[in-house]
Amino acid sequence: METVNVPSHVGIIMDGNGRWATAKGQKRSYGHKHGSANVDNIVTHAFKRGVKSLTLYAFSAENWARPKEEVDELMKLLKAYLKKFAKKLYKNDVRLIVIGGREELSEDLRKAISEVEEKSKDNKSNILNIAINYGGRQEIVNAVKRLIEKGEEITVNGISENLYTSLSGDPDLIIRTGGELRLSNFLLYQGAYSELYFTDVLWPDFNEIEFDKAMEEFGHRKRRFGKV
Ligand code: FPP
């Protein structure tokens, strides 16, 4: 596939696991399992396509309101992903960063996250940000608080530099699967000039071909950043 212009940083709202499972007469957790299995395919493919940073919305700060059984299942899948794919990330020179509030996570998930973050911290080829217990508004508030604590001036760049994704820069492209047309508190500050791509395809079905469609569409967008 000829790619005209490759986005350096892509954010993905991986929506539609629940509906995918329900349509198959299965429990929602079945959808999360398949959605989780899809993460490695898309991560591998995106980096192969030349994307430098990927930010995946795995669990929002608002998702705690879901039934406990579902929350537990998602947390289990996140831990399993870290255990299963850590070696591959190290081998491929990928740095993993988990973004979002850490304190609310279980001790063992926090431990698993710290281990992979620490072991991958010198990796340079790609960055994989996984958003867990993440909220864009909360992130902005935290960045402002940090500036105040450091006695620094509150500026547009100052806030940017204190966001979780500062190493990746602003996302060039934000993809949302699953048919909803909203951002749901994802990368609110850094998404100011991101190109948005919405697809009805549910996350477990969002394969490499679907990802390439988003890349192709991005390649034809004219980005003006407020200029003419
Ligand atoms: C949205 O589908 C998806 C989520 C809330 C969780 C996303 C999590 C994964 C893809 C699996 C774990 C992630 C990683 C990084 C290993 P939904 O449940 O809101 O679906 P619905 O809109 O059809 O109900």
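Counting starts at 1 for both ligands and their atoms, in listed order. Note that these values count all heavy atoms, side chains included, but never hydrogens, waters or copies made by symmetry.
The pair Glu115-Lys111 fails the salt-bridge criterion, with no side-chain N (NZ, NE, NH1 or NH2) lying under 4.0 Å from an Asp/Glu carboxylate O. Ion pair Glu208/Lys48 not flagged as a salt bridge, since none of the NZ, NE, NH1 or NH2 atoms sits closer than 4.0 Å to an Asp/Glu carboxylate oxygen. Salt-bridge formation is not detected for the pair Lys213/Glu216: no Lys NZ or Arg NE/NH1/NH2 atom is positioned less than 4.0 Å from an Asp or Glu carboxylate oxygen.
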Are any protein N/O atoms closer than 3.5 Å to the N/O atoms of ligand 1? If there are, list each pair with names and the distance to one decimal place.
{"unit_1": "ligand 1", "atom_1": "2 (O)", "unit_2": "Asp15", "atom_2": "OD1", "d": "3.4"}
{"unit_1": "ligand 1", "atom_1": "2 (O)", "unit_2": "Gly16", "atom_2": "N", "d": "3.3"}
{"unit_1": "ligand 1", "atom_1": "2 (O)", "unit_2": "Asn17", "atom_2": "N", "d": "3.4"}
{"unit_1": "ligand 1", "atom_1": "18 (O)", "unit_2": "Arg28", "atom_2": "NH2", "d": "2.8"}
{"unit_1": "ligand 1", "atom_1": "18 (O)", "unit_2": "Arg66", "atom_2": "NH1", "d": "2.9"}
{"unit_1": "ligand 1", "atom_1": "19 (O)", "unit_2": "Asp15", "atom_2": "OD1", "d": "3.1"}
{"unit_1": "ligand 1", "atom_1": "19 (O)", "unit_2": "Arg66", "atom_2": "NH2", "d": "2.8"}
{"unit_1": "ligand 1", "atom_1": "20 (O)", "unit_2": "Gly16", "atom_2": "N", "d": "3.4"}
{"unit_1": "ligand 1", "atom_1": "20 (O)", "unit_2": "Asn17", "atom_2": "N", "d": "3.2"}
{"unit_1": "ligand 1", "atom_1": "20 (O)", "unit_2": "Gly18", "atom_2": "N", "d": "3.0"}
{"unit_1": "ligand 1", "atom_1": "22 (O)", "unit_2": "Asp15", "atom_2": "OD1", "d": "2.9"}
{"unit_1": "ligand 1", "atom_1": "22 (O)", "unit_2": "Arg19", "atom_2": "NE", "d": "3.4"}
{"unit_1": "ligand 1", "atom_1": "22 (O)", "unit_2": "Arg19", "atom_2": "NH2", "d": "3.0"}
{"unit_1": "ligand 1", "atom_1": "23 (O)", "unit_2": "Gly18", "atom_2": "N", "d": "3.4"}
{"unit_1": "ligand 1", "atom_1": "23 (O)", "unit_2": "Arg19", "atom_2": "N", "d": "2.6"}
{"unit_1": "ligand 1", "atom_1": "23 (O)", "unit_2": "Arg19", "atom_2": "NE", "d": "2.8"}
{"unit_1": "ligand 1", "atom_1": "24 (O)", "unit_2": "Arg28", "atom_2": "NH1", "d": "3.0"}
{"unit_1": "ligand 1", "atom_1": "24 (O)", "unit_2": "Arg28", "atom_2": "NH2", "d": "3.1"}

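When only modelled atom types and interatomic distance are considered, Ser106 and Asp108 share a side-chain donor-acceptor pair under 3.5 Å. A donor-acceptor pair shorter than 3.5 Å can be found between the side chains of His45 and Asp212. One side chain, Gln138 or Asn185, offers a donor N or O that lies under 3.5 Å from an acceptor on the other.
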